[in-house]
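Given the structure is predicted, the values throughout are model-derived calculations rather than measurements.
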Amino acid sequence: MHGNPAALDAALAEVGDATLVFGGDLAWGPMPAEAVDRIRALDALAIRGNADRDPGDEWVIEQLGPERLQWLQTLPERLELEVEGLGRALFVHGSPRSDEEMLLRTASDERLAAILEDVEADVVVCGHTHMQFDRRFRDKRVVNAGSIGLPYGRAGAHWVELGPDVRHRRTEYDPSPLHSSEWPRASEILAVVESPPGEEEAIAEFEALIAAGRDATLIQ
């Protein structure tokens, strides 16, 4: 979500009757309080991302206030659901091992084997790197939902529809309401929202961070 309720509202208009699961990093962005309030008004499930656990930005923390921040920080790190046609789906932010570990479509078999070693679910649904992919590995399936509010590769609200198969979705929307934000980083992040970096560029940066043992998001 990354503090982008405009993207959320556009996607919700296409979702229909479904169980909603938010994969973390809900508030860190141009409209943090509005985004959290919008999510909490829904009949939805949510897990905690690294930017919920530690927003690391005084303006975002101030906008949220103590009660919203506590709600974010006490969300579960993972949840598991049975999804028709897919089996057991484990929802995590980064990986099953850490909310900051990156799962890329380019991950080696060796890296995936280590990450999935203790996973019993059939499908792992992650986010964190803001890029959609669907990869089968042995008896598992790893799906990155992308990012509703701050995707890489192509502008729009990116999300995933699960059951009976995996269907990646992209919803176009008008991001202009975000320009009213007084966040000191608003112009920087809005530039990414409106003209995201290409996937190859983002993957190259992420792979360099992984190689250096510094798994972290490209922007934050």
Value for CD1 (I148) from CG (L26), rounded to nearest 0.5 Å, stands at 11.0 Å
Considering only NZ, NE, NH1 and NH2 on the basic side and carboxylate oxygens on the acidic side, decide whether R97 and E117 come within less than 4.0 Å. no
Exercise for the section: Verify the cluster assignment for W59 and L64: are they in a single hydrophobic cluster under the rule of side-chain heavy atoms below 4.5 Å apart? Expected result: yes
Practice problem: Kindly work out whether a path of hydrophobic side-chain contacts (I/L/V/M/F/W/Y, heavy atoms less than 4.5 Å apart) joins L75 to L45. | Solution: no
Heavy-atom side-chain proximity of I189 to H2 below 4.5 angstrom
no
d(T129 OG1, E101 CD) to nearest 0.5 Å is 11.5 Å
Considering only heavy atoms from C-beta outward, does the side chain of Q63 approach that of E182 to under 4.5 Å? no
Taking the side chain as every heavy atom from C-beta outward, state whether S176 and E194 have any pair of such atoms under 4.5 Å apart.
no
* Hey, does the side chain of Q132 reach the backbone of R169 with a donor-acceptor pair shorter than 3.5 angstrom? -> yes
When every non-hydrogen atom of H128 is compared with those of M102, the smallest separation belongs to CD2-CG, 4.0 Å
Checklist line | Close side-chain approach of N144 to L103, heavy-atom, < 4.5 Å | finding: no
For the hydrophobic clusters of this structure (ILVMFWY residues joined by side-chain heavy atoms under 4.5 Å, transitively), does one cluster hold both V142 and L104?
no
Result for side chain to side chain donor-acceptor pair (under 3.5 Å) between T106 and one of R135, E199, E207 points to E207
dist E120:CD -> K140:NZ (nearest 0.5 Å) comes out at 7.5 Å
Go through the steps for R53 and E77 under the test side chain to side chain contact (heavy atoms under 4.5 Å, CB included), then give the verdict. CA-CA 10 Å; R53 171 174 50 79; E77 292 183 32; over 6 Å; no
| message | Please determine whether side chain to side chain contact (heavy atoms under 4.5 Å, CB included) holds for the pair E82 and R88, giving the CA-CA distance in whole Å, both sets of side-chain angles, and the decisive distance to 0.1 Å. | response | CA-CA 5 Å; E82 188 75 22; R88 294 167 62 187; 3.3 Å; yes
List the steps and the verdict of side chain to side chain contact (heavy atoms under 4.5 Å, CB included) for L162 and V123.
CA-CA 10 Å; L162 301 175; V123 181; 5.7 Å; no
Separation between CD (E62) and CD (E58), nearest 0.5 Å, reads 8.5 Å
Nearest heavy-atom approach of P30 to L178 is CG-CD2, 4.1 Å
According to a 4.5 Å side-chain heavy-atom criterion applied to Ile, Leu, Val, Met, Phe, Trp and Tyr, with indirect links allowed, do V119 and V125 form part of one hydrophobic cluster? no
Taken to the nearest 0.5 Å, the spacing of T171 OG1 from E14 CD works out to 3.5 Å
The side chain to side chain donor-acceptor pair (under 3.5 Å) partners of W183 (sequence neighbours excluded) come to D57
Is the shortest distance from a Lys or Arg side-chain nitrogen in D134 or R167 to a carboxylate oxygen in the other one below 4.0 Å?
no
For L12 and L20, run side chain to side chain contact (heavy atoms under 4.5 Å, CB included): C-alpha distance rounded to whole Å, both residues' side-chain angles, the deciding distance at 0.1 Å, then the answer. CA-CA 9 Å; L12 287 175; L20 303 177; 3.8 Å; yes
Residues A46 and L79: closest non-hydrogen pair is O-CD2, 4.3 Å
Output for pair (R78 CZ, S95 OG), nearest 0.5 Å, gives 8.5 Å
Sorted by chain and residue number, the side chain to side chain contact (heavy atoms under 4.5 Å, CB included) partners of E200 (sequence neighbours excluded) come out as R105
Please examine the side chains of R141 and R136, heavy atoms only from C-beta on, and report whether any two atoms are closer than 4.5 Å. yes
### Task
Indicate yes or no: at least one non-hydrogen side-chain atom of V124 is less than 4.5 angstrom from one of I115.
no
- Is there a side-chain contact between L86 and D122, using heavy atoms and a 4.5 Å cut-off? no
(message) Please tell me whether V192 and L209 are part of a single hydrophobic cluster in this structure, the criterion being side-chain heavy atoms less than 4.5 Å apart.
(response) yes
Next item on the list: Could you tell me whether the side chain of D52 reaches within less than 4.5 Å of the side chain of F22, counting heavy atoms only?
Entry: no
message = What I want to check is whether the side chains of N50 and H93 have a donor and an acceptor closer together than 3.5 Å.
response = yes
